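The next block holds one structure in the form of structure tokens; read it before the comments.
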Amino acid sequence: KQEVTQIPAALSVPEGENLVLNCSFTDSAIYNLQWFRQDPGKGLTSLLLIQSSQREQTSGRLNASLDKSSGRSTLYIAASQPGDSATYLCAGQGGADGLTFGKGTHLIIQP
Amino acid sequence: DTAVSQTPKYLVTQMGNDKSIKCEQNLGHDTMYWYKQDSKKFLKIMFSYNNKELIINETVPNRFSPKSPDKAHLNLHINSLELGDSAVYFCASSPGRGGYGYTFGSGTRLTVV
């Protein structure tokens, strides 16, 4: 069964820094890999989706990569801002099995 | 507004009660899901319906029963509530079973006392 691990569990950095969030998964037969953002008391917002045939996706200051062979994905956030503070969740989609989530990285950007 | 909407947003109830959470999506999606986020913030899938047909039923106590009257609605009924059922329950939808284009509701915080 798919297991998703996210490192670090928490991260606090000054505003303006570039940062990388890591995600690893055990079953390389994923359909796609998705990154979400969760703000306190809110639902999840989809950030980026990487299909199994792709290696990366970009949206604004966010770039996500996928290496199926090593079972890893990274989310790169450039020029971080206080508004980026949230919990970031990585999730693997295994066909029609629904998403398997990691436990998230709680990110704080210090003004 | 196009969205996935859940009601109620908060639910406080006593042990042993039966309660329902409703979910509706107006995105025209074929697939709907229930996810549970526990006290440690870990999100796990509970159920998935595709065009009113149950396609995922994870290891969930049979006190939990999903019902999909049509593809725009997926309700969750919970019988004989227990303290351990306290969590945030998220409804979500996607255009198809492949998981593309997930949209999540804002969650229902269930507290069992």
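None of these values were measured; they are calculated from a predicted model. Order of the sequence lines sets the chain letters (A, B, ...), proteins ahead of strands, with each chain counted from 1.
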Are the side chains of B:Lys36 and B:Val60 in contact, using a 4.5 Å heavy-atom criterion?
no
pair A:Asp84-A:Leu19: side-chain heavy atoms closer than 4.5 Å:
no
Determine which residues belonging to residues 70-78 of chain B lie within contact range of chain A, meaning some heavy atom pair is under 4.5 Å apart, and list them by number or answer 'none'.
none
Contact part of A:Lys103 toward chain B, heavy-atom cut-off under 4.5 Å: side chain, backbone, both or neither?
both
Answer yes or no: is there a donor N or O on one side and an acceptor on the other, between the side chain of A:Gln6 and the main chain of A:Ala9, under 3.5 Å?
no
Could you walk me through whether B:Tyr49 and B:Phe47 pass the ring pair (Phe, Tyr, Trp, His ring centres under 6.0 Å) check?
CA-CA 7 Å; B:Tyr49 270 74; B:Phe47 302 103; 7.5 Å; no
Under 3.5 Å, side chain of B:Gln6 to main-chain N/O of B:Gly107, donor-acceptor pair present?
yes
Where does B:Lys44 contact chain A at under 4.5 Å (heavy atoms): side chain, backbone, both or neither?
neither
Do NZ/NE/NH1/NH2 and the carboxylate oxygens of A:Arg37 and A:Asp39 come within less than 4.0 Å?
yes
At a 4.5 Å cut-off on heavy atoms, which part of B:Gln37 comes close to chain A: side chain, backbone, both, or neither?
side chain
Over 60° means perpendicular and under 30° means parallel, so tell me whether B:Tyr35 and B:Phe104 are parallel, tilted or perpendicular.
tilted
